[in-house]
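Lettering of chains follows the sequences in order, A, B, ..., and the numbering in each one begins at 1.
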Amino acid sequence: MLHLLGAEGQNAISFDLELALYCLDPEKRWDLQSLCHNFQKPQTTLDPKEPGYHAVYLRIFKNVMAEIKQELKDKGLWNLYQDLELPLVTALAQMEAYGILVDPTKLTDISLELEGTMEKLTETIYAEAGEEFNINSPKQLGVILFDKLGLPVLKRTKTGPSTSAEVLEELSDHPIVASVLEYRQVAKLKSTYTDSLADLISPETKRIHSTFNQTVTATGRLSSTHPNLQNIPVRTKEGRRIREAFVAPEGHVLLMADYSQIELRLLAHLSGDPILTDAFRSGQDIHAQTAAEVFGLALDEVTDEERSAAKAINFGIIYGISSFGLAKGINLTRAQAQEYIDSYFLRYPMVKAYLDGLVELGKKEGYVQTLSGRRRYLPNLKSRNYALRSFAARTAMNTPIQGSAADIIKLAMLKVYQALKDAGLKTRMLLQVHDELVLETPLEELDVAARLVKREMEEVYPLDVPLKVGVSYGPNWRDVQSFDYKE
DNA sequence: TCATGGCGA
DNA sequence: TCACGTCGCCATGAT
């Protein structure tokens with residue numbers, strides 16, 4: 001459980017120290033020298049090769065830890081460290097050690113099929129281009145599309161015409177562009193998800209043992225590496241196939257439990273807005289409800305398109321909205337987007353006041369906070385540079401929501417971990433994907449485990465609105481059915 | 001090593 | 001006016 005900070009093999013600090021520093025300021029990066037400089041008086045110079053290094057190191061560690069403990073207490077962050085982040089280490093270690101079972105033949109099948117598709121698409125693209133080139137190279141692709149075929153340049157990057165998916169969508173009337181988009185999708189799946197995933201299956205356990213990084217993100221979320229199991233495709237049918245390779249062993253199933261709209265529920269709780277709060281208390285379709293409010297309709301008059309626009313608005317609110325960003329998201333003019341935003345804030349004045357208040361408070365105190373008290377320092381709220389200042393303002397609006405959701409699911413993980421242990425169950429937590437937990441459970445435990453997980457997650461932190469958890473299960477991560485706990 | 005592009009919540 | 005929704009990880013090509 002030793003983590004290295006700074007240069008590999010030297011200046012190592014213990015993980016509990018790293019964790020404590022992360023609780024103090026999730027964005028600050030320390031090394032041993034700066035620690036000594038800040039916390040050790042007088043400053044001590046250290047040479048790892050010198051005899052006695054470890055004794056000196058331990059003395060420094062002890063002194064530094066004592067000072068950091070005091071600082072955590074002064075800032076109201078001691079509980080975050082002591083009762084949340086530190087115990088979570090054990091649960092994460094178990095998840096990493098246990099791993100998730102992956103069926104390599106399934107990965108191979110998908111890989112071979114994707115390869116076939118790529119070859120066909122490559123032929124098609126070469127034929128339409130009239131020559132062979134590296135489709136993976138945006139530069140070479142640009143030459144073909146914009147110089148040779150004369151397609152219009154809709155957007156530029158620093159280095160040349162953009163060939164991003166967004167741009168190519170606009171140009172996809174041309175057959176070569178449609179093929180390139182499809183090629184990109186398939187190539188991405190193959191290189192990122194089938195081939196590299198297969199390399200990470202442990203020969204001993206036949207499982208993939210990802211690393212859950214606890215001190216990386218600015219908001220308090222976890223991140224996952226080697227591989228990143230938090231971005232396995234789900235949106236498209238083709239991409240979702242990857243999930244079929246993540247399986248449960250014989251006699252077991254995977255159990256998925258995800259928080260429904262946890263960030264919007266937090267927005268309701270934190271802002272105290274009555275319309276939003278009532279919507280969640282009465283179990284409304286929140287996006288349809290937002291559409292009804294923003295467009296002045298009755299709930300049953302809302303079309304799919306309006307609901308979808310309202311969904312984009314809701315996400316925009318969470319991210320620190322701008323009319324430009326919203327317009328880009330749902331293909332509106334900027335003016336229309338601004339009208340939607342104005343209309344939203346007219347109907348949800350407490351949300352407006354809450355978000356404005358966050359920016360004000362951030363400016364005054366120098367930081368914003370999550371439910372657990374975790375801080376994010378935002379000095380740029382006072383910047384004279386518009387770009388920096390507005391970025392900081394969006395961060396001030398997003399961090400308390402995203403970070404509080406992270407607090408809640410982390411606490412839920414502790415509860416679930418402990419409850420499974422207390423109940424003597426064989427069910428194991430495998431993954432956390434921001435608002436979702438993936439567990440592995442013996443079939444005979446499914447019913448009791450599903451109820452336990454749902455209860456612990458929903459009751460972990462009572463808010464002004466209920467937390468709702470959807471539970472599903474299946475033989476793999478793709479083919480799941482919802483678990484009806486009333487059965 | 002950086003830029004671009006793309007996958008997730 | 002500006003520049004343009006949050007947080008991540010990773011593959012690829014160009015430098």
Practice task
May I ask you to say whether A:D285 pairs ionically with A:R307, meaning some side-chain N is under 4.0 Å from a carboxylate O?
Solution key: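 The answer is yes: the pair qualifies as a salt bridge.
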
Among residues at least two apart in sequence or on other chains, which ones pass salt bridge (Lys or Arg N to Asp or Glu O under 4.0 Å) with [X]?
X	value
A:E128	none
A:D109	none
A:E132	none

Exercise for the section: Could you check A:P227 against A:R221 and say which one's nearest nucleotide on DNA chain C is further toward the 5' end? Expected result: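 Of the two residues, A:R221 wins.
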
Handout entry: Between A:Q402 and A:T219, a side-chain donor and acceptor under 3.5 Å
Key =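 Result is yes, a qualifying pair exists.
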
Using atom [atom1] in both nucleotides, what's the gap between [N] and [M] to the nearest angstrom?
N	M	atom1	answer
C:dA3	B:dT4	P	16 Å
C:dC4	B:dA3	P	15 Å
C:dC2	B:dC7	P	32 Å

Exercise for the section: Give the minimum heavy-atom separation between A:I125 and A:Y183, together with the two atoms involved. Expected result: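 The answer is CD1-CB, 3.9 Å.
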
Handout entry: A:V167 versus A:L154, closest heavy-atom pair with distance
Key =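 Shortest heavy-atom separation between A:V167 and A:L154 comes out as O-CD1, 4.2 Å.
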
Restricting to side chain to side chain contact (heavy atoms under 4.5 Å, CB included), what partner residues turn up for [X], sequence neighbours left out?
X	value
A:K28	A:D25, A:W30
A:V480	A:M256, A:S472
A:A291	A:F295, A:V302, A:E306, A:A310

Could you tell me whether [X] contacts a base, only the sugar-phosphate backbone, or nothing, with contacts defined as non-hydrogen atoms closer than 4.0 Å?
X	value
A:S162	sugar-phosphate
A:A405	nothing
A:N134	sugar-phosphate
A:I232	sugar-phosphate
A:S224	sugar-phosphate
A:N231	base
A:R384	nothing
A:T163	sugar-phosphate
A:A393	nothing
A:A165	sugar-phosphate

Handout entry: Pair listing, salt bridge (Lys or Arg N to Asp or Glu O under 4.0 Å) test, anchored in residues 161-176 of chain A, at least two apart
Key =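 Every pair satisfying salt bridge (Lys or Arg N to Asp or Glu O under 4.0 Å) with a residue in residues 161-176 of chain A: A:K155-A:E166.
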
Practice task
Can you run down the salt bridge (Lys or Arg N to Asp or Glu O under 4.0 Å) pairs that involve residues 459-483 of chain A, sequence neighbours left out, and say none if there aren't any?
Solution key: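 Residue pairs with at least one partner in residues 459-483 of chain A: A:E244-A:R478.
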
Practice task
Tell me which residues in residues 170-202 of chain A put a heavy atom below 4.0 Å from DNA chain C, sorted by number, or none.
Solution key: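 Of all residues in residues 170-202 of chain A, the ones placing a heavy atom under 4.0 Å from DNA chain C are A:S191, A:T192, A:S196.
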
Practice task
Specify the residues of residues 104-133 of chain A, ordered by number, for which at least one heavy atom lies under 4.0 angstrom from an atom of DNA chain C.
Solution key: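 Those residues: none at all.
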
Exercise for the section: Could you tell me from which nucleotide to which nucleotide of DNA chain C, 5' to 3', there is an atom under 4.0 Å from chain A heavy atoms? Expected result: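 The footprint of chain A covers C:dC2 to C:dT15.
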
Practice task
Applying side chain to side chain donor-acceptor pair (under 3.5 Å), run through A:Q214 and A:E18 and close with a yes or a no.
Solution key: CA-CA 10 Å; A:Q214 208 177 345; A:E18 182 178 339; over 6 Å; no

Exercise for the section: For DNA chain B, note the earliest and the latest nucleotide, 5' to 3', having some atom under 4.0 Å of a heavy atom belonging to chain A. Expected result: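 Range of nucleotides within reach of chain A: B:dT4 to B:dA9.
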
Exercise for the section: Is it possible for you to check whether A:R375 lies under 6.0 Å from the centre of the six-membered ring of A:Y367, through NZ or CZ, and within 45° of that ring's axis? Expected result: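 Geometry flag: set, cation within 6.0 Å and 45°.
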
